[in-house]
Amino acid sequence: MLSDLGGKVIQAFGLLNPNIPPNPRQATGQPFPGHFLLACDGTVLAKAFTGDLRHRVSGSALVLEFADVADEASIAVSTDVLEARIALSSTRLFGGQEIAVVIDLDIVEGWHVYAESAPAPYTPLSIDIDTEGRLLALQHFTMPAPGALEFTATGESLPVHEGRVRITGRARLRWSPPPSMFAGLEDAVNRRAIPPGEYRLLGTLRYQACRDVVCLEPRTERFEVPIGVETNVAPTPSG
């Protein structure tokens with residue numbers, strides 16, 4: 001049963017799920033899973049709802065996306081043509097939890113990289129923070145609108161990024177069943193669960209950098225993303 005204070009807040013924001021039948025053991029009903037980022041006066045600044053009880057957005061994701069503030073140190077990638085800083089809203093996650101990712105690129109003046117809509121044989125800008133695909137169930141990134149660069153020699157107009165580029169995205173840790181679920185199926189749960197501990201995800205940044213008279217070979221810069229998987233809450237003893 002929800003606490004009186006929690007119930008009042010949930011009702012005030014209209015979060016009760018009307019699709020769930022009344023339950024005498026939960027008089028105030030069950031809320032939709034989600035997060036609000038509130039101003040001091042109670043104004044909703046940002047919100048996040050996944051529609052799935054197994055998947056929750058970290059509160060720090062809203063802070064990074066709205067206020068551009070992250071407690072975690074950024075990961076740096078530096079080359080002769082660009083510098084990248086990859087910031088995660090949190091590096092401590094529970095199974096099914098979703099975080100925000102912000103990538104800031106500073107491209108050296110006079111150079112450009114091809115945008116994701118560039119046709120072959122050009123290599124577009126892309127990022128992947130779980131190359132081996134073992135821990136993340138989801139990742140998606142939104143690229144800013146590219147500029148158009150005219151190449152008079154070939155008669156082409158190609159989408160490119162120059163100068164400062166910000167990429168935003170989300171990443172979700174694979175859902176890990178808590179020990180309170182599936183009584184009697186502990187072996188199956190353990191096979192699906194992510195053991196708590198420290199992990200390092202392999203990340204890749206791919207791009208092709210060019211300037212007016214020279215075009216470099218496509219590059220793949222590798223980096224590591226440290227994350228910690230937290231222990232799920234143990235079930236409350238009955239009785």
Side-chain angles (χ1 to χ4, degrees), residues 13 15 31-39 44-78 83-106 116 125-144 164-181 192-207 220-234:
F13 283 95
L15 295 181
F32 284 104
H35 285 81
F36 282 128
L37 179 63
L38 304 179
V44 176
L45 302 177
K47 61 183 179 180
F49 290 84
T50 64
D52 191 323
L53 286 170
R54 298 170 301 172
H55 305 147
R56 306 294 181 96
V57 178
S58 169
S60 62
L62 299 181
V63 175
L64 176 57
E65 292 170 344
F66 182 84
D68 197 20
V69 175
D71 292 334
E72 307 292 340
S74 60
I75 300 152
V77 176
S78 182
E83 291 189 0
R85 289 174 299 281
I86 301 117
L88 278 64
S89 61
S90 178
T91 58
R92 314 299 303 182
L93 296 92
F94 291 94
Q97 196 166 40
E98 195 169 300
I99 59 172
V101 185
V102 173
I103 302 100
D104 284 316
L105 296 182
D106 283 308
E116 61 181 345
L125 175 66
S126 66
I127 187 165
D128 185 336
I129 61 169
D130 187 21
T131 305
E132 297 178 356
R134 296 185 302 110
L135 292 180
L136 296 185
L138 171 148
Q139 61 173 305
H140 62 83
F141 299 99
T142 301
M143 301 285 182
R164 185 72 179 272
V165 178
R166 168 160 284 197
I167 305 166
T168 59
R170 290 277 185 90
R172 181 191 297 158
L173 189 65
R174 179 166 54 83
W175 182 64
S176 184
S180 57
M181 297 183 68
R192 183 68 177 81
I194 303 173
E198 304 299 319
Y199 294 86
R200 303 191 74 81
L201 302 179
L202 174 64
T204 53
L205 176 68
R206 296 185 178 89
Y207 63 94
T220 298
E221 310 294 345
R222 292 178 170 80
F223 57 92
E224 289 188 340
V225 179
I227 66 167
V229 177
E230 302 286 2
T231 304
N232 278 313
V233 178

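Remark: Arg85 engages Ser74, Glu83, Asp104, Asp106, Arg164 in a side chain to side chain contact (heavy atoms under 4.5 Å, CB included) (not counting sequence neighbours). In this structure, the salt bridge (Lys or Arg N to Asp or Glu O under 4.0 Å) partners of Glu224, at least two apart in sequence or on a different chain, are Arg200. By the side chain to side chain contact (heavy atoms under 4.5 Å, CB included) test, Thr204 pairs with Asp128, Thr131, Arg206, Thr220, Arg222, sequence neighbours left out.
Separation of atoms CD1 (Ile129) and CD1 (Ile99) is listed at 6.0 Å; rounding is to 0.5 Å. Summarising the geometry, atom CZ belonging to Phe223 is positioned 4.0 Å from atom CD1 belonging to Ile86; distances are rounded to the nearest 0.5 Å. In this structure, OG1 in Thr91 is found 14.5 Å from OH in Tyr199, a value given to the nearest 0.5 Å. The distance from atom CG of Leu173 to atom CG of Leu138, rounded to the nearest 0.5 Å, is 11.5 Å. Residue Asp130 holds its CG atom at 8.5 Å from CG of Leu202, rounded to the nearest 0.5 Å. Taking CG of Leu88 as the start and CG of Leu64 as the end, the distance is 8.5 Å to the nearest 0.5 Å.
Proximity of Leu93 to Glu230: side-chain heavy atoms (C-beta onward) are nowhere separated by under 4.5 Å. Looking at heavy atoms from C-beta onward, Arg170 lies out of side-chain contact with Phe141 at the 4.5 angstrom threshold. Counting heavy atoms from C-beta on, the side chains of Val229 and Pro195 never come closer than 4.5 Å. Side-chain atoms of Arg174 and Ile194, non-hydrogen and from C-beta on, do get closer than 4.5 Å to each other.
Listed here is the closest heavy atom pair of Val101 and Ala171: CG2-CB, 4.2 Å. Scanning both residues, Ala61 and Val57, for their nearest heavy atoms gives CB-CG1, 3.8 Å.
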Next item on the list: Using the side-chain contact (heavy atoms from CB on, under 4.5 Å) rule, take Arg166 and Val102 through it: C-alpha gap first, then chi angles, then the decisive distance, then the call.
Entry: CA-CA 7 Å; Arg166 168 160 284 197; Val102 173; 3.5 Å; yes
Next item on the list: Output, in order, the C-alpha distance, side-chain angles, deciding distance and verdict of side-chain contact (heavy atoms from CB on, under 4.5 Å) for Arg92 and Ile227.
Entry: CA-CA 6 Å; Arg92 314 299 303 182; Ile227 66 167; over 6 Å; no
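A donor-acceptor pair is defined here as one N or O able to donate and one able to accept, closer than 3.5 Å; such a pair exists between the side chain of Ser60 and the backbone of Ser89.
With respect to Arg172, the side chain to side chain donor-acceptor pair (under 3.5 Å) criterion is satisfied by exactly one of Glu98, Gln139, His140: Glu98.
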